[in-house]
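Both counts, for ligands and for their atoms, begin at 1 and track the order of listing.
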Amino acid sequence: TSLEKTALPLFFGWFLCHPFQENLRSLAVGFLKNLDSLEAFKKNITDFTGSTERDFNLEQHFHDKNMLHCTTKFCDYGKADGAKEYAEKQAVKESCGRVSALVLDALFVTPRTLGARVSLSEEQLQLWPRDAEEDAVPRGSRAHITLSFAEGVEPVQTGLDLLELVRLQLQGQEGKVVRESGLGPLSYYGKGLWVLELREPFLAPACFSSFYG
Ligand code: 2AM
């Protein structure tokens, strides 16, 4: 019915429970500070600044973002393909309001976005849409939390940046380990893509819900 159509949200996803939002933000700020101070990062600064040489500060490059979450289905109030079908799935209906633990196993940064990679459990994959990524990558590869993005960047970009990393890794590229930090190895993959693989994953309880905005 038309009434149901109007009920489709902007998106569905897992929303980080409160103290964990702050903890993750702190982790991300530490990551940026660390990266900013690295010689290897400075050497490749034109990835971020273009050809121009100028004062550059990673933390100022990225805006703070509130309400940290992992999007499952972007519905665009029903305009996105498959939005209605997704909203009507039994698993989706039953899961609204449920809390599960998200496993964050890496932080990544590009000139466009700052994100955390999420490794979904079998149960969480039940809520992952079929059309989130193409067949060439394992299901759930795109799952992430956007921590921030640079000015002028579209919100959809973080997932695309993560998919780029996944593709590189599937091709056998490992990146160049630039530093062994306390949290894990920090690698450079070229073209401004930096990845911190977390030795100890960050566990974040998160509530599955729709978001209307
Ligand atoms: P995000 O998941 O990387 O944060 C509202 O814009 C939310 O939906 C944001 O969380 C955003 O990105 C996500 N989003 C926006 N456009 C999208 C798209 N075309 N495909 C998938 N997710 C999208």
Phe62: ring-ring contact (aromatic ring centres under 6.0 Å, His included) partners, not counting sequence neighbours: none
Nearest neighbour in protein (non-hydrogen) for atom 2 (O) of ligand 1: Thr71 OG1, 2.6 Å
In this structure, atom 4 (O) of ligand 1 is nearest to the protein heavy atom Thr146 OG1, 2.9 Å
Considering non-hydrogen atoms of the protein only, which is the closest contact for atom 18 (C) of ligand 1, and what is the distance? Val156 CG2, 3.3 Å
Taking only heavy atoms of Phe11 into account, list the atoms of ligand 1 that are under 4.0 Å away from them. 5 (C), 7 (C), 8 (O)
Starting from atom 14 (N) of ligand 1, what is the nearest protein heavy atom, named by residue and atom, and what distance separates them? Phe74 CD1, 3.5 Å
Just checking Asp81: does its CG atom have more than 12 heavy atoms from other residues, nucleotides or ligands closer to it than 6.0 angstrom? no
The closest protein heavy-atom partner of atom 10 (O) of ligand 1 is His69 NE2, 2.6 Å
For atom 11 (C) of ligand 1, state which one of Pro129, Cys70, Gly159, Pro155 supplies the nearest heavy atom. Pro155
Heavy atoms only, cut-off 4.0 Å: how does Gln157 contact ligand 1, side chain, backbone, both, or neither? neither
Whether Arg199 and Glu180 form a salt bridge (side-chain N of Lys/Arg under 4.0 Å from carboxylate O of Asp/Glu) is what I want to check. yes
Please determine whether a side-chain nitrogen of the Lys or Arg among Arg117 and Glu197 lies less than 4.0 Å from a carboxylate oxygen of the Asp or Glu. yes
In Gln169, Glu174, Lys176, the residue satisfying side-chain hydrogen bond (donor to acceptor under 3.5 Å, both in side chains) with Tyr189 is Gln169
Report the part of His144 (side chain from C-beta onward, or backbone N, CA, C, O) that has a heavy atom under 4.0 Å from ligand 1; answer both or neither where that applies. side chain
Counting N and O atoms only, with roles assigned by atom type, does the side chain of Asn57 sit under 3.5 Å from a partner on the main chain of Gln60, one being a donor and the other an acceptor? yes
May I ask you to check whether His144 and Phe108 place their ring centers less than 6.0 Å from one another? no
